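For clarity, every value in this text was computed on a predicted model and none was experimentally measured. Note that these values count all heavy atoms, side chains included, but never hydrogens, waters or copies made by symmetry.
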Amino acid sequence: MPEPAYTPEPRPPSPSPSKPVPTPEPKSTPSGPTPRPSGPASRPRPTPKVTALLATRAARAHRKAWAAVFAALVLTSVLLGAFALAVTSAALGRAPVERYAAADLVVAGDQNTRYTAKPWGSEPETVSAGLTERVRVPEEALGVVRAVDGVERAVADRIFPVGLGGESVVGRPWDAARLAPFALRDGRAPQGPGEVVVGVGRARTGDRVALRVGGADASYRVVGVADGPRAAVYFTAGRARDLAGRAGTVDAIGVVAAPGVSAGELYGRVRDAVDKAKLRAAGERAEGDSAGLRVLTGDGRGAAEHLAAAPARTTLLGALGAIAGTVVMIAVLVVSSTIAQALRQRGHELGLLRAVGATPRQLRGAVGREVGRVAVAAAAVGAVLAVPAYLGLRALLDARGALPDGLRLPFPPWLLTAPLVTAAVTVLVARVSALFAVSRAAKVRPAEALRESPPGTPRRVTGLVLLGVGVTAAGTAAAQHGQAAAAAASAAAVSLVIACAVLGPWIATGAMRVLGAPMRRLGPGGRLAAADCTAAAARLGAAITPIVLVTAFSVVQLAAGATLTHEARAQAREAARADLVVRADGGLPSGALDRIRSAPGVAAATEVVHSTVVIARKEAGSPLLERVPVLGVTPERLTRTLDPDVREGGLGGLRPGTVAVSSDRARALGAKPGSRVTLRFDDGGAGRLRVVAVYERGLGVGDFLLSRDEVLRHTAGAGAARVLVATDGGADTVRAVGAAVPGARVDRGAEAVRAAARVEPEDQALGEVVGVTAVGAIGAFTVVAVLSTLTLISIGRRPELTLLRRAGAARAQLRRMLHAEAAAIALTGLAVGLAVALLPLLAFSLSFAGTLPYLPPVQLALIVGVVGATALAGTLPPVRRVLRGRYPTG
């Protein structure tokens with residue numbers, strides 16, 4: 001008989017990290033099988049040792065894949081930490097206390113204007129905007145404050161511009177110098193109307209100085225030199241009252257408490273006295289806009305000195321908040337896509353773990369631990385680097401003069417905890433992204449885990465819906481104006497970018513149908529690239545998405561500002577017709593404009609004053625206050641020096657109580673010649689002005705042209721007036737104009753004229769810095785995202801390339817294949833990104849500028865170059881080992 005075949009004894013399975021020991025079935029009894037317990041206790045629970053072992057081994061085996069994730073998380077932590085520091089510091093920003101350091105209280109006007117409206121279907125809402133012209137205090141308040149019990153001294157302060165030696169300085173009464181306190185270093189206090197005290201280094205005691213105030217020159221004797229700012233001149237109280245003008249008002253009142261009276265106690269008394277006297281700021285205010293007086297203490301006293309600080313702080317917070325939101329959104333997209341790509345390369349490994357018995361919870365726990373370790377280290381490194389990144393942003397803001405001198409951004413030690421908070425947020429984003437990325441592998445049945453499923457119909461439907469939302473938002477932006485148009489264009493860009501990310505595989509498939517034929521003409525390498533790209537649409541779509549992201553956001557961010565600036569400069573060039581600009585520190589003397597007009601060779605002369613108005617309106621039902629720069633001009637022969645291209649009405653009737661409006665603003669306000677518009681001036685006053693003309697070049701000369709006299713009623717900037725002079729081209733005209741106004745400066749040339757007449761937003765420098773920061777942040781994310789995604793894809797393709805080499809493909813053929821693929825990825829991403837950016841840009845440009853979008857060629861070339869270089873760097877270096885040598889090494 002043949003020997004029986006050898007049958008080995010069954011051994012119990014040894015525990016392994018990928019297959020838990022099965023629990024034997026309970027034996028049946030005569031009465032039936034023992035029922036299994038139900039409920040949570042019966043579910044297999046992952047042991048910490050199993051998930052820790054899986055996470056440790058996977059992290060070691062996939063170090064290069066996690067290096068890409070590490071880089072993305074470091075950048076995320078750096079940018080979030082830097083913006084957290086910037087936003088928090090801006091929120092703590094304040095104006096320093098200098099001139100009123102020795103005053104316990106300061107009584108000043110309310111430097112805010114308010115507008116209340118009822119949005120659709122909700123309660124009334126109030127918004128406010130800061131004012132940068134001095135809101136004046138009635139002089140009667142001085143007597144009310146002096147009568148308060150506990151007040152030792154109340155000093156009226158008046159501030160006015162003075163021209164001294166070709167420079168602009170500040171004039172004040174000597175009594176107010178004691179509120180700093182600024183003490184005398186030499187000499188004595190001024191006692192007569194012809195005596196002054198100057199700052200250190202300006203002049204010496206006994207000198208005579210010529211000062212220009214309100215255009216009038218006068219000689220004064222220096223009787224003292226005081227500590228404090230060099231750009232200050234102190235007069236007697238009576239002389240300062242005469243020179244400052246604005247009879248019956250003061251700029252502010254400094255209050256010094258009597259001995260034994262605390263500032264807090266005195267504040268309550270002064271506040272009650274002011275309220276009881278029903279004192280209000282000088283001037284007519286808009287309906288519903290309160291005009292009370294402020295009583296300032298502590299750090300709040302600085303707000304009465306540096307009027308531009310509060311509006312600049314609000315603008316800075318809004319700009320930083322907007323860019324921080326964009327950075328957060330891009331960071332989430334980049335981090336999630338990078339982690340998803342890292343796990344997608346291990347799809348078969350994760351499927352194998354499920355097939356051999358790993359539970360969904362074990363899989364999620366292992367991946368969570370693995371990502372958590374990388375994220376904690378990356379977030380910690382990013383938190384450390386966030387501080388120098390923030391300091392770099394501060395240096396850029398200071399270098400560009402984006403912030404007024406009176407705004408201080410503090411950096412207290414406890415602020416260093418902000419990067420730690422954002423580091424925790426970075427870790428949370430990474431963990432959540434990992435859970436979403438591993439969800440499919442953890443949910444499917446073990447038998448299906450090894451099979452890679454193509455993108456399904458729900459994903460396609462979601463992408464098409466987002467695409468429709470983006471197109472609809474772009475159409476809405478084209479039909480809107482102002483902030484509503486900008487918000488709709490931004491929403492369109494975001495929706496279209498996300499739609500392209502969702503539709504990535506189908507976009508890649510369509511792109512390969514277009515690029516396949518040209519690629520196949522490149523020889524064997526091109527045919528290999530075309531076949532590979534067509535077969536791996538999902539992989540190609542993952543590589544295209546970050547390129548679309550950076551191209552779309554960078555082009556939108558750069559082109560939006562460039563389009564407005566380009567069109568504004570073009571309109572300014574067309575509007576500026578003058579040849580000379582005349583200006584004088586301390587103001588032009590009385591009659592200067594008439595003398596310039598009568599000078600030989602002068603064809604026309606126009607005095608120009610810059611200011612700002614506030615427009616109260618509703619945006620999507622909500623109240624909105626918008627600050628708009630304006631020009632005050634003299635209307636005589638205006639179009640000879642400054643031509644706004646009038647389309648309706650005429651500028652001859654421009655006088656106090658009237659206004660000319662740009663065509664874009666007229667459409668938004670429903671205004672036309674003969675109708676009336678309500679404007680709030682920058683000192684809080686309001687006026688209902690009759691429209692006399694509608695003109696076209698609103699970006700070049702501003703949305704409103706006012707009478708010079710109307711503007712001077714509401715501004716202290718008479719010393720900043722300029723005269724635009726059109727000449728007949730004679731060589732002696734410049735000398736004749738200079739002789740007509742002794743002491744004035746005469747500048748010639750188109751650039752000087754445009755600079756004097758150009759209307760620029762107050763926050764233009766801040767917007768430029770924020771734009772550069774946004775593009776830099778987006779560009780950095782793009783480089784990391786594109787490089788990491790392509791690196792992960794290339795690492796996952798090493799077996800495929802090794803197989804091709806062993807099948808006979810030459811190294812040169814594979815290099816040409818990889819070059820063709822990198823070119824196809826970059827070209828597709830750039831084309832789709834430009835298409836995504838073009839739609840919202842068209843809507844934005846047509847709404848704001850009435851022209852096509854504009855992007856400087858250098859910036860476009862830089863975007864294309866960075867994308868191309870990054871795509872090439874992420875394709876070849878990771879597979880260099882496969883292409884090296886005569887035979888593949890793996």
Side-chain angles (χ1 to χ4, degrees), residues 108-116 127-138 159-161 244-252 280-294 303-304 307-308 310-312 314-315 587 607-617 623-635 654-662 665 668-669 671 675-692 698 701-721 759-763:
D110 187 355
Q111 291 293 145
N112 287 285
T113 183
R114 297 170 182 82
Y115 173 50
T116 302
V127 295
S128 64
L131 303 171
T132 57
E133 287 291 342
R134 178 76 60 179
V135 177
R136 305 183 68 81
V137 178
I159 304 167
F160 49 94
R246 308 297 177 101
T249 64
V250 299
D251 285 9
R280 296 171 56 84
E284 293 292 331
R285 304 281 282 222
E287 183 180 355
D289 183 14
S290 61
L293 299 181
R294 296 179 298 170
L307 305 182
T314 302
T315 302
E607 188 171 350
V608 176
V609 182
H610 291 257
S611 186
T612 304
V613 298
V614 180
I615 303 173
R617 58 190 179 86
L624 177 68
L625 288 172
E626 181 182 2
R627 293 179 58 85
V628 179
V630 297
L631 285 180
V633 297
T634 52
L654 193 62
R655 58 180 59 88
T658 63
V659 63
V661 187
S662 71
R665 184 65 68 173
L669 298 177
S675 62
R676 292 188 176 272
V677 296
T678 300
L679 300 180
R680 304 181 184 211
F681 296 94
D682 211 17
D683 65 344
R688 186 166 174 79
L689 310 178
R690 182 173 56 85
V691 178
V692 296
V701 301
D703 281 334
F704 298 97
L705 286 177
L706 301 167
S707 165
R708 173 204 59 183
D709 297 333
E710 182 77 77
V711 172
L712 291 180
R713 290 177 182 176
H714 302 278
T715 181
V759 174
E760 295 180 348
E762 297 173 320
D763 57 350

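- The shortest side-chain heavy-atom distance between Val613 and Arg627 does not fall under the 4.5 Å cut-off.
- At a threshold of 4.5 Å between non-hydrogen side-chain atoms, the residues Arg246 and Asp251 do not count as touching.
- By the 4.5 Å heavy-atom criterion applied to side chains, Val659 and Leu705 are not counted as neighbours.
- The closest side-chain heavy-atom distance from Arg713 to Phe681 is not below 4.5 Å.
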For Val137 and Thr249, what are the C-alpha separation, side-chain angles and deciding distance, and is it a side-chain contact (heavy atoms from CB on, under 4.5 Å)?
-> CA-CA 5 Å; Val137 178; Thr249 64; over 6 Å; no
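- If you check the side chains of Asp682 and Ser611, you find no donor sitting under 3.5 Å from an acceptor.
- Side-chain contact of Ser128 with Arg114: a donor-acceptor pair under 3.5 Å is absent, judged by distance alone.
- Arg285 and Thr113 are not linked by any side-chain donor-acceptor pair at a separation below 3.5 angstrom, with hydrogens and angles left out of the test.
- Counting heavy atoms from C-beta on, the side chains of Val609 and Leu712 come closer than 4.5 Å.
- Rounded to the nearest 0.5 angstrom, Thr612 OG1 and Glu626 CD are separated by 11.5 Å.
- Side-chain atoms of Arg708 do not come within 3.5 Å of backbone N or O of Thr634 as any donor-acceptor pair.
- Applying the side-chain contact (heavy atoms from CB on, under 4.5 Å) test between Leu706 and each of Leu654, Thr658, Leu679 identifies Leu679 as the sole match.
- A donor-acceptor pair is defined here as one N or O able to donate and one able to accept, closer than 3.5 Å; no such pair exists between the side chain of Asp110 and the backbone of Leu293.
- Of the possible donor and acceptor atoms, one in the side chain of Gln111 sits under 3.5 Å from a partner among the backbone N and O of Val135.
- Under the 4.5 Å side-chain criterion, counting only non-hydrogen atoms from C-beta, Leu131 is in contact with Val614.
- In this structure, Tyr115 and Asp289 have side chains that are not in contact, with every pair of non-hydrogen atoms separated by 4.5 Å or more.
- Nearest heavy-atom pair across Gly698 and Ser662 is CA-CB, 3.7 Å.
- Listed by chain and residue number, Pro124, Thr126 satisfy the side chain to side chain contact (heavy atoms under 4.5 Å, CB included) test with Thr116 (two or more places apart in sequence, or in another chain).
- Here CG of Leu669 is found 6.0 Å from CD1 of Ile615. Values are rounded to the nearest 0.5 Å.
- Judged purely by atom type and a 3.5 angstrom limit, Arg136 has no side-chain atom pairing as donor or acceptor with the backbone of Ala252.
- For the residue pair Glu133/Thr715, the side-chain donor-acceptor check at 3.5 Å is satisfied.
- Taking the side chain as every heavy atom from C-beta outward, Glu607 and Val633 never approach each other to under 4.5 Å.
- A distance-only check finds no donor-acceptor pair linking the side chain of Arg655 to the backbone of Pro635 [under 3.5 Å].
- Taking OG1 from Thr132 and CG from Asp683, the interatomic distance works out to 9.5 Å, rounded to the nearest 0.5 Å.
- Distance check: Ser707 OG to Leu689 CG gives 10.0 Å after rounding to the nearest 0.5 Å.
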Using the side-chain contact (heavy atoms from CB on, under 4.5 Å) rule, take Val628 and Arg665 through it: C-alpha gap first, then chi angles, then the decisive distance, then the call.
-> CA-CA 11 Å; Val628 179; Arg665 184 65 68 173; 3.8 Å; yes
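- Between Asp709 and Pro656, the shortest heavy-atom contact is CB-CG, 3.9 Å.
- At distances below 3.5 Å, not a single donor-acceptor pair connects side-chain atoms of Arg680 with backbone N or O atoms of Ala686.
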